[in-house]
Participant: 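Handing you a structure now.
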Amino acid sequence: MSYLLAIDQGTSSSRAVVYDDALQSLASAQQEFPQIYPQPGWVEHDPEAIWESVRHVTRQCVDELGASGFAGIGITNQRETTMIWSRESGACVHNAIVWQDRRTADLCERLRSDGAGQVVVDKTGLRLDPYFSATKIAWLLQNVPGVRDDANAGKLAFGTVDTFLLWRMTGGRVHATDATNASRTMLFNIHTQDWDDELLQLFDVPRELLPDVYDCAAEFGVCDADAIGIEAPVLGIAGDQQAALIGQAGFEQGMTKSTYGTGCFVIANTGSNALTSQNQLLTTIASRLDGEVTYGLEGSVFVAGSAVQWLRDGLKIIDSASETEAIAAQTGIVEDVHVVPAFAGLGAPYWDAHARGAILGLTRGSGRDEIVTATLQAIAYQTHDLIAAMSDDGVLPSVIRVDGGMVANEWFLQFLADILAITVERPANVESTVLGAAYLAGLKAGVIASTSDISGMWQRERLFEPGMSRERREELLAGWSAAVARVRTDT
Ligand code: ADP
């Protein structure tokens, strides 16, 4: 029996799952850790809290199963979140700056007005935005005393969360990342597969800070027994959304997954084609296996499941997220009321950071049920807007594989299929992200022979076929567009 340990270090919690060699889950544990909001728009994590949560969840699994028999470890992680630490002591110079953090908005604005936007798109496939690591590194170099000098002297290491965990797990012997995480730093040239000197100069980042970049399935280093309780090789790393695509066996060009957690993230596999979006979607590395790069087109909706949380915790009109399904089923599709959950601005394809949310079209007859149902509909409409942008870029999926906590809601998935006019597939295992990390480790460990074996293991649990008439769909989408137009600040 060989075990695979998968670690999913997410934005709000850390998880560990142990699988057997048939990829059946044997043990799992999860722990939340605190979010730190030092100022409006700033979001930080305590690196020690991240590390302790990862140690805690892995040790919990190891306590259950024993410390022997581990063939490999896979890591998946919240992407872009930025840390810098001392190569000597391993201590971070500052809290992690989380992907959601907007403190570098002015710097991005300045670089954009200097005309740097195009070179960033051309080389990284990303938009010049605070979301990605580069300006977060620049901020740490600029604002934390002594960091610039120590970085130039080669005393410090930068990493996204995968790199930090790998460093800690290997007792500081390994400073490395994988190509998917590297592709989210805004310093990595996704065409040459190397850190890019022009970008390093643009963001004023010394190369000495940066990790080595490996394939997603690679021998990253051996984890020390005293770090997380087992001595085993780290054999797989991928950023969370890419890991979800792998967990969904999305290895073929055209395959598309949409993950519905706090936000919604869509990635379409575009094969060896690094397709540049005309609609402000991102070009990213979907995977790199045996040196072969697969690209992806990515779009995200900032607020998906968190809109449901807002119904529960903000408006307090439901007691639990799962209630929304019965409410919507009973209410039926709502036409006049629109909830636009632009709590943090609108993402792709609008990119309107200043837009804010609204409930529109209320009449005396509108109540809780209409607002709840319209909220679920809004998440489907926003997915539609992303897919429409992808389609305009020449990528129109025929099927979408969904995962994440929200896909428990079957009313939502049927409405999604209707609004997209695309078949929606729900897998038997909706925990695609952590599963993807296990697949990567399994591939390198030889527990899984090839990606086609993963495709063979993927199982559909339920299919949602579109059934709505074209007229009805267009009418509903027109209503949604009109609602979005009313919250936008840039038109
Ligand atoms: P994350 O990994 O981002 O923390 P999860 O994948 O665990 O998120 O999904 C949790 C989200 O899904 C929550 O925001 C919750 O509101 C939403 N959710 C969970 N169950 C349902 C449901 N039955 N209907 C609608 N939303 C749901």
Side-chain angles (χ1 to χ4, degrees), residues 4-19 25-37 42-64 73-83 92 95-101 159-166 168-169 181 184 227-229 234 236-244 246-247 259-265 300-310 312-314 320-322 344 403-408 429-438 441:
L4 296 169
L5 167 67
I7 296 170
D8 176 3
Q9 203 306 299
T11 309
S12 54
S13 71
S14 299
R15 297 188 61 204
V17 181
V18 178
Y19 299 88
S25 151
L26 300 175
S28 69
Q30 180 161 14
Q31 190 180 52
E32 290 194 12
F33 58 87
Q35 308 293 311
I36 303 167
Y37 304 107
W42 293 30
V43 188
E44 297 179 359
H45 290 157
D46 175 356
E48 300 308 326
I50 288 185
W51 175 235
E52 281 313 316
S53 69
V54 167
R55 279 168 65 114
H56 179 78
V57 294
T58 52
R59 279 172 182 275
Q60 225 172 305
C61 292
V62 170
D63 285 349
E64 216 175 305
I73 302 172
I75 301 173
T76 180
N77 56 290
Q78 52 167 318
R79 303 176 301 173
E80 299 102 8
T81 295
T82 298
M83 300 179 180
C92 287
N95 277 339
I97 304 184
V98 178
W99 56 276
Q100 296 149 322
D101 191 291
T160 40
V161 174
D162 55 308
T163 305
F164 171 72
L165 294 179
L166 184 63
R168 286 282 172 105
M169 286 161 75
N181 275 295
R184 313 297 292 189
I228 57 167
V234 177
I237 297 184
D240 53 8
Q241 299 312 320
Q242 283 90 341
I246 292 163
T259 300
Y260 293 91
T262 307
C264 156
F265 291 84
S300 51
V301 172
F302 301 142
V303 176
S306 60
V308 176
Q309 281 169 348
W310 167 76
R312 188 192 61 194
D313 306 335
S320 72
S322 57
D403 52 62
M406 238 194 114
V407 304
N429 185 344
V430 297
E431 304 281 358
S432 308
T433 306
V434 71
L435 186 61

Participant: After noting the C-alpha distance and the side-chain angles of Thr163 and Asn181, does the key distance pass the side chain to side chain contact (heavy atoms under 4.5 Å, CB included) rule?
Facilitator: CA-CA 9 Å; Thr163 305; Asn181 275 295; 5.9 Å; no
Participant: Can you measure from CD (Glu64) to CG (Leu26) and round to the nearest 0.5 angstrom?
Facilitator: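 Here the interatomic distance stands at 9.0 Å.
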Participant: Find out whether Gln78 and Ile50 are in side-chain contact, i.e. whether some heavy atom of one side chain is under 4.5 Å from a heavy atom of the other.
Facilitator: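 Gln78 reaches Ile50 side chain to side chain.
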Participant: In plain terms, say whether Glu48 and Arg55 are close enough for a salt bridge, that is, a side-chain N and a carboxylate O under 4.0 Å apart.
Facilitator: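 No, Glu48 and Arg55 are not salt-bridged.
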Participant: Listed by chain and number, what are the ring-ring contact (aromatic ring centres under 6.0 Å, His included) partners of Tyr260, not counting sequence neighbours?
Facilitator: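 If we apply the ring-ring contact (aromatic ring centres under 6.0 Å, His included) test to Tyr260, skipping adjacent residues, the hits are Phe412.
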Participant: So do the side chains of Thr58 and Ile7 get within less than 4.5 Å of each other, counting heavy atoms only?
Facilitator: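 Yes, close enough: below the 4.5 Å cut-off.
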Participant: Indicate yes or no for a side-chain donor-acceptor contact from Thr76 to the backbone of Ala238 under 3.5 Å, with no hydrogens or angles considered.
Facilitator: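 Confirmed, Thr76 side chain pairs with Ala238 backbone.
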Participant: Within the structure provided, determine whether Arg79 and Gln242 are in side-chain contact (heavy-atom separation under 4.5 Å).
Facilitator: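 SC-SC contact between Arg79 and Gln242 confirmed.
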Participant: Going by side chain to side chain contact (heavy atoms under 4.5 Å, CB included), name the residues that satisfy it together with Asn429, two or more places apart in sequence or in a different chain.
Facilitator: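 Result, side chain to side chain contact (heavy atoms under 4.5 Å, CB included) vs Asn429: Glu431, Leu435.
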Participant: Would you give the length of the straight line joining atom CG of Leu165 to atom CG of Asn77, rounded to the nearest 0.5 angstrom?
Facilitator: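 Those atoms lie 7.5 Å apart.
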Participant: Are side-chain heavy atoms of Met169 and Ile73 found at a separation under 4.5 Å?
Facilitator: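 In short, these two side chains touch, coming nearer than 4.5 Å.
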Participant: At their closest point, which heavy atom of Pro47 faces which heavy atom of Asn95, and how far apart are they?
Facilitator: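 Heavy atoms only, the tightest pair is CD-OD1, 3.7 Å.
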